[in-house]
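Presented below is the structure to which this report refers.
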Amino acid sequence: MAQRPSIPKGTRDFGPQIMVKRNFIFETIRNVFKRYGYQPIETPAMENLTTLLGKYGDEGDKLLFRILNSGDFLSGIDTNAADFQSGNIASSISEKGLRYDLTVPFARFVVQYRNDISFPFKRYQIQPVWRADRPQKGRYREFYQCDADVVGSNSLLNEAELVQIVDDVFGQLKIQTVVKINNRKILAGIASYIGSPDSLTDITIAIDKLDKIGIENVNRELEERGISAKSIQLLQPILFMTGNSREKINALEGLIGTTEIGAKGLEEVKTLFDYLDSMNLNLSYELDLTLARGLNYYTGAIFEVKALNVSIGSVCGGGRYDDLTGIFGLPDVSGVGISFGADRIYDVMSELNLFPEKTSESTFALFVNFGKEEEKYCLPYLRTLRQAGINSEIFPEADKMKKQLRYADQKNIPVVILAGEEEVKNKQFTVKWMQSGEQQTIQAEKLVELLTH
RNA sequence: GUGGUUGUAGCUCAGUUGGUUAGAGCAUCAGAUUGUGGUUCUGAGGGUCGCGGGUUCGAAUCCCGUCUUCCACCCCA
């Protein structure tokens with residue numbers, strides 16, 4: 001009754017060759033995080049739904065994977081009731097869900113361990129998250145996020161530092177990127193300026209589509225969403241705004257600078273750009289008013305990093321959240337963070353052929369196995385090589401040499417060490433360099449020396 | 001969640017208006033070669049034609065459902 005094995009939609013297996021590359025990405029990001037003084041934490045794959053629900057907006061709630069309660073999950077539920085529908089009983093039969101991102105679990109963590117944490121707290125976290133989205137290229141249902149966050153500090157220096165981290169990471173990975181920067185307070189200022197403070201989300205969604213569908217369609221959509229003609233009129237100069245980041249900021253001051261929240265947002269952005277301008281970054285960064293970012297909890301700066309020259313969208317995103325911990329009972333702790341999408345970074349690097357050839361994770365030397373006596377002869381030297389930090393192995397059975405060399409060839413092992421009857425008798429090894437095919441016979445005690453040079 | 005798309009050997013793909021026992025290349029394994037891989041030659045194994053149902057004398061081929069893939073919308077890493 002063997003059935004064809006498979007894995008759920010939108011999930012993937014990773015073989016050894018792929019894992020070497022994935023680990024390269026993880027290690028690069030992890031090392032940068034450490035360099036900036038961030039400390040690691042991990043949280044469970046599943047959280048209580050009360051922790052997760054309502055943090056990501058209606059769309060986000062729909063994309064949460066829910067975990068069915070164990071045991072008789074229908075006990076206590078009237079299956080004959082008139083309102084017996086999935087929507088109504090969902091909360092009764094499921095109380096846990098897979099995490100949707102790392103930021104919300106982190107906020108929960110901070111509140112829960114507030115007495116053990118000294119602020120500002122800088123943490124990094126590299127773990128998978130799950131979204132019940134419809135998969136596409138660069139969009140998976142299980143993927144890794146690499147997050148760095150600072151909580152307990154309002155300073156915009158943190159925002160600047162995160163951009164620096166982005167610069168370091170993508171610099172090391174050799175990916176060309178642009179950081180799009182916006183500020184929720186500016187968006188709120190725009191909404192307030194045009195007299196529709198409650199329509200902030202409608203307006204930002206509409207602005208976001210400007211490039212795609214054009215000004216007329218955007219205006220029509222705003223109208224359909226119930227924005228008044230006067231508001232739309234006031235919005236036009238903002239939609240048509242051109243120039244570089246500084247010019248846009250200056251232009252905005254004459255418009256939304258009159259609103260309290262808009263003025264605050266502009267001031268924050270100016271400060272951030274001042275910091276960034278003094279940092280000698282390699283990547284480019286720009287104010288992008290069309291950047292809205294759906295996550296509900298952002299209140300200040302928002303970032304999105306796009307890789308240049310590829311079809312895949314954003315590879316990194318983040319922003320400031322002033323009251324995420326407040327939801328869990330710890331008010332007045334502001335945080336700001338950034339999240340690298342490892343899987344998309346992988347896709348970008350694949351597409352652009354950016355992975356380095358060399359990998360330190362594979363085997364360097366293989367002892368060919370000629371039989372029981374020869375095995376015994378090799379084992380102490382195998383141990384010595386390993387202790388010297390050389391990745392090495394012995395073929396586990398005395399198969400044909402052809403097969404053993406083939407194994408080395410396919411595993412890309414550069415060095416093969418042969419010890420047959422002759423070598424054992426003379427306390428020697430024959431070392432074969434696979435790439436050139438050259439081989440040399442040396443005294444056994446010279447083996448480590450030869451291979452470490 | 002809405003609309004479209006894809007699925008034949010491990011991989012990339014052929015497969016005639018519906019017609020015998022579904023093919024090729026690459027990969028795998030074995031041999032040529034008992035201490036030498038990549039090249040070459042010879043041979044072999046490997047298929048519930050995504051899955052389930054229907055139409056038909058007969059289905060990889062036509063119809064319906066379902067799963068999966070990719071794409072657009074939505075949203076996002």
Practice item. Please state whether the phosphate of B:G31, meaning OP1 or OP2, lies under 4.0 angstrom from any side-chain nitrogen or oxygen of A:Lys400. Key: yes
Point to revise | Distance, P atom - from B:A24 to B:U66, rounded to whole angstrom | key: 37 Å
Study note, to complete from the structure: Regarding the side chain of A:Lys137, the nearest nucleotide among B:C70, B:C75, B:G38 is B:C70
Review point. Just wondering, do A:Phe143 and B:A77 stack (centres under 5.5 Å, planes under 30°)?
Key: yes
Point to revise | Closest to side chain of A:Arg139, choosing from B:C74, B:G35, B:G38 | key: B:C74
Exercise for review: Starting from P on B:U36, measure out to CE on A:Met401 and report it in whole angstrom.
Suggested key: 5 Å
Practice item. Give A:Tyr140 one of three labels, base, sugar-phosphate or nothing, depending on what nucleic acid heavy atoms sit under 4.0 Å from its own. Key: base
Review point. Does the B:U69 base have a donor-acceptor partner in the side chain of A:Gln136 within less than 3.5 Å?
Key: no
Review point. Which pairs, with at least one residue in residues 367-382 of chain A and sequence neighbours excluded, count as a salt bridge (charged side-chain N to carboxylate O under 4.0 Å, His left out)?
Key: A:Lys372-A:Glu375, A:Glu373-A:Lys376
Practice item. Mind checking ring-ring contact (aromatic ring centres under 6.0 Å, His included) for A:Phe26 and listing every partner two or more places apart, or none if nothing turns up? Key: A:Tyr144
Check your understanding: With rounding to whole Å, what would you report as the distance between B:G7 and B:U69 at their C1' atoms?
Key -> 8 Å
Practice item. Could I get the full list of side chain to side chain contact (heavy atoms under 4.5 Å, CB included) partners for A:Ile93, not counting sequence neighbours? Key: A:Leu68, A:Phe73, A:Leu74, A:Ile77, A:Ile89
Check your understanding: Base, sugar-phosphate, or nothing for A:Gly420, non-hydrogen atoms under 4.0 angstrom?
Key -> base
Check your understanding: Restricting to pairs with a member in residues 157-173 of chain A, which pass salt bridge (charged side-chain N to carboxylate O under 4.0 Å, His left out), not counting sequence neighbours?
Key -> A:Lys122-A:Glu161, A:Glu159-A:Arg320
Study note, to complete from the structure: What residues 158-182 of chain A contributes to the RNA chain B interface at heavy-atom separation below 4.0 Å is none
**Study point:** Check: A:Arg134 side chain, B:U2 base, donor-acceptor under 3.5 Å
**Key:** yes
Check your understanding: To the nearest Å, how far apart are A:Gln404 CD and B:G35 C1'?
Key -> 10 Å
Check your understanding: Which whole-number value in Å describes the distance from A:Arg12 CZ to B:U69 P?
Key -> 11 Å
Check your understanding: Counting only distance, no hydrogens or angles, is the base of B:G1 paired donor-acceptor with the side chain of A:Glu59 under 3.5 Å?
Key -> no
**Study point:** A:Met434 atom CE, over 12 foreign heavy atoms within 6.0 Å
**Key:** yes
Check your understanding: Would you say A:Glu438 has more than 12 foreign heavy atoms packed within less than 6.0 Å of its CD?
Key -> no
Practice item. With sequence neighbours left out, write down each residue that passes side chain to side chain contact (heavy atoms under 4.5 Å, CB included) with A:Lys9, or none if nothing qualifies. Key: A:Pro135, A:Arg141
Point to revise | Short N-O contact, A:Glu47 and A:Arg108, less than 4.0 angstrom | key: yes
Check your understanding: Taking atom C1' in both B:A22 and B:G58, what distance in whole Å separates the two?
Key -> 15 Å
Point to revise | Rounded distance in Å between the P positions of B:G45 and B:U36 | key: 29 Å
**Study point:** Selection: residues 341-354 of chain A, any non-hydrogen atom under 4.0 Å of RNA chain B
**Key:** A:Gly341, A:Arg344
Practice item. Measure the distance from NZ on A:Lys402 to P on B:A30 and round it to the nearest whole Å. Key: 9 Å
Practice item. For nucleotides B:C11 and B:C74, find the distance between their P atoms and express it as a whole number of Å. Key: 35 Å
Check your understanding: Looking across every strand, which nucleic acid part, if any, lies under 4.0 Å from A:Glu421 by heavy atom: base, sugar-phosphate, or nothing?
Key -> base
Check your understanding: side chain to side chain donor-acceptor pair (under 3.5 Å) with A:Tyr140: which residues, sequence neighbours excluded?
Key -> A:Asp347
Point to revise | Any residue meeting side chain to side chain contact (heavy atoms under 4.5 Å, CB included) with A:Arg220, in chain and number order, not counting sequence neighbours | key: A:Asn217, A:Glu224
**Study point:** Bracket notation of RNA chain B in which parentheses pair within the strand, [ ] cross earlier pairs, and | pairs with another strand (Watson-Crick or G-U, under 3.5 Å)
**Key:** ((((..(..((((.....[...)))).(((((.......))))).....(((((..]....))))))..))))....
Exercise for review: Measure from CD on A:Gln410 to C1' on B:C29 and round the result to the nearest Å.
Suggested key: 12 Å
Check your understanding: Roughly how far apart, to the nearest Å, are B:G37 and B:G18 at atom C1'?
Key -> 50 Å
**Study point:** A:Arg386, CZ: over 12 other non-hydrogen atoms inside 6.0 angstrom
**Key:** yes
Practice item. May I ask you to say what A:Glu423 touches in the nucleic acid, namely base, sugar-phosphate or nothing, with a heavy-atom cut-off under 4.0 Å? Key: base
Exercise for review: For A:Gln435, report the nucleic acid contact type (base, sugar-phosphate, nothing); a contact means any heavy atom under 4.0 Å.
Suggested key: base
Check your understanding: Heavy atoms under 4.0 Å, any strand shown: does A:Gly138 hit a base, just sugar-phosphate, or nothing?
Key -> base
Point to revise | Euclidean distance, atom CZ of residue A:Phe395 to atom P of B:G37 [Å, nearest integer] | key: 14 Å
Going by atom type alone, with no hydrogens or angles, which donor-acceptor pairs under 3.5 Å involve a side-chain atom of residues 411-420 of chain A and a protein atom two or more places apart or on another chain?
{"unit_1": "A:Lys411", "atom_1": "NZ", "unit_2": "A:Glu393", "atom_2": "OE2", "d": "2.8"}
{"unit_1": "A:Lys411", "atom_1": "NZ", "unit_2": "A:Tyr407", "atom_2": "OH", "d": "3.1"}

Exercise for review: Could you state the atom-to-atom distance from NZ of A:Lys403 to P of B:U28 in whole Å?
Suggested key: 12 Å
Point to revise | Euclidean distance for P, B:U6 against B:G53 (whole angstrom) | key: 24 Å
Review point. What is the nucleic acid contact for A:Gly371, judged by heavy atoms within less than 4.0 Å: base, sugar-phosphate only, or nothing?
Key: nothing
Point to revise | A:Lys62 NZ to B:C73 C1', straight-line distance once rounded to whole Å | key: 13 Å
**Study point:** N/O donor-acceptor pair, side chain A:Lys432 with base B:U36, under 3.5 angstrom
**Key:** yes
Study note, to complete from the structure: Residues passing the side chain to side chain donor-acceptor pair (under 3.5 Å) test with A:Arg12, sequence neighbours excluded, are A:Asp343
